[in-house]
Amino acid sequence: MVGDDMVLLDMLIREKGFISGEAIAERLKVSRTAVWKKIKTLRGQGFHIESQPNLGYCLISCPDKLLPVFIKRELKTDFIGQEVYYYPVTTSTNVLAKELASQGAREGTLVIAEEQTQGRGRMGREWLSPANKNILISLILRPHLSPIQVSYITMIASLSVVKTIEALTPLESSIKWPNDIMIRGNKVGGILTEFSAEQDQVVYVVVGIGVNMNFDPTIYPEIAYSATSIYLELGQEISRLKFLVGLLQEMEKEYKELQAGKGLLIVKEWRNSLMTLNKEVRVVSEQGTLEGMAEDVDEHGALILRLASGQQIKIYTGDVSLQMNKA
Amino acid sequence: MNLQELKELLDLFESRNISELELEHDGFRIKLKKKVPEPGPITSHEPSGEQNNIPGEPSKENNFLQITSPIVGTFYRAPSPGAEPFVEVDDVVEKGQVLCVVEAMKVMNEIEADARGRVVAILPQNSQPVEYGEPLFLIEPM
């Protein structure tokens, strides 16, 4: 959305009643025909705008969309989300963000999609999400980190989701090692971090964040028993915009701490939010299945597993599930 | 041991594939050591080793670009299970082209080619764990 449209929308939102086409034309320094064309464009985007001869235009309702213009009005950050690429439908926000990052997009650039046709979880698994119901974003970051420290980014993203849920709802969430956000044992969100490095220095990180907000996952057989949403847990919808703005602000706060050298504090906080520790778990990976006690995590977040034999091993990849019968 | 014998010993040591020799004979003791190139784990993985064994020829390996893993994790040759691998042996890759993914703690690191070249070897098997600094690919720059 260009500057003029932003100003027009701002005028419509501020004005409780009708605002004349003449006043808008004067403010934007365009003809009244141009104003009418802009109104038509907004209507096409889902804005309900009433027009009356002699009175002008009146905004009745805004579409339930995460439009950049809405975000700009609310967001109080220095760089996270200050540059927004918004897509009603796209393949995958991470794929787009990686393209933008390699073309030099600046730190904090945000990619939003209302719907993804090729949404991905880990290793190409599908990420299911109906249009206009959830939060599907990717952020471009350029941290001063070595490749081994990029897991900190996943940690601050997970923590930001947990803290935003805590700030805006009475719900309690926790993190399942290493990147799932869970409410009462079901998955409400996930993080997919990808990065590019040169000579042991990170060039860019793309962190994809998906949060199930206002949809009912139980109607999808594939995820009915493993996924949940804020709506399902709370019994009512909440504002996606408010959630997104809170999430971005929290993310910037955490990221600044990381850049200030407080990585180990972040690991400690993340560790305290893990639901996985001190439990009997099963780790399934391409290398096979392991069972043991999830004792701790190391300074980069690798899971320290104690096998039945007493041997301690570090886990870097795999799907962890709790052994309920042994708990 | 006279000078002639010593010279013969040195020639023999030089011409053979021996890196170290220690000899004791009638109170005379000599220790010879060759300066060997950095021992890298590449040699053991080198699939087309024959071409490098021509005596007197400088090892061709030295001209290969080695792509190593920047993290401990799991090596993936394709973006998702069942998908086409990013590259195959003998493929010509461009600088910046993605060669593989190394995953750790659900962080995906796409490893790119440092330079344009031909893929000579893909060292780890798909979905195998790799260590920090472990060689993943050998690229012959073009």
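We name chains A, B, ... by the order of the sequence lines, and we start the count at 1 in each one.
- Residues A:Asp319 and B:Lys106 meet the side-chain proximity criterion, which asks for heavy atoms closer than 4.5 Å.
- Atom OG1 of B:Thr68 is separated from atom CG of A:Asp200 by 7.5 Å, given to the nearest 0.5 angstrom.
- By the 4.5 Å heavy-atom criterion applied to side chains, B:Glu110 and A:Ser196 are not counted as neighbours.
- Within the 4.5 Å cutoff, the side chain of A:Leu192 has heavy atoms near those of the B:Met108 side chain.
- By a heavy-atom distance cut of under 4.5 Å, A:His300, A:Gly301, A:Ala302 are the residues of residues 297-304 of chain A near chain B, going up by number.
- Heavy atoms from other residues, nucleotides or ligands lying under 6.0 Å from CD of B:Glu84 number 12 at most.
- Taking a 6.0 Å sphere around NZ of A:Lys256, one finds it holds more than 12 heavy atoms contributed by other residues, nucleotides or ligands.
- Residue-level contacts of residues 153-165 of chain A with chain B, in order of numbering, are A:Thr154; threshold 4.5 Å between heavy atoms.
- Under the 4.5 Å side-chain criterion, counting only non-hydrogen atoms from C-beta, A:Phe195 is in contact with B:Val107.
- Side-chain contact between A:Glu286 and B:Tyr76: present, with at least one pair of heavy atoms (C-beta onward) separated by less than 4.5 Å.
- Here the CE-OG1 distance, from B:Met105 to A:Thr317, works out to 9.0 Å after rounding to the nearest 0.5 Å.
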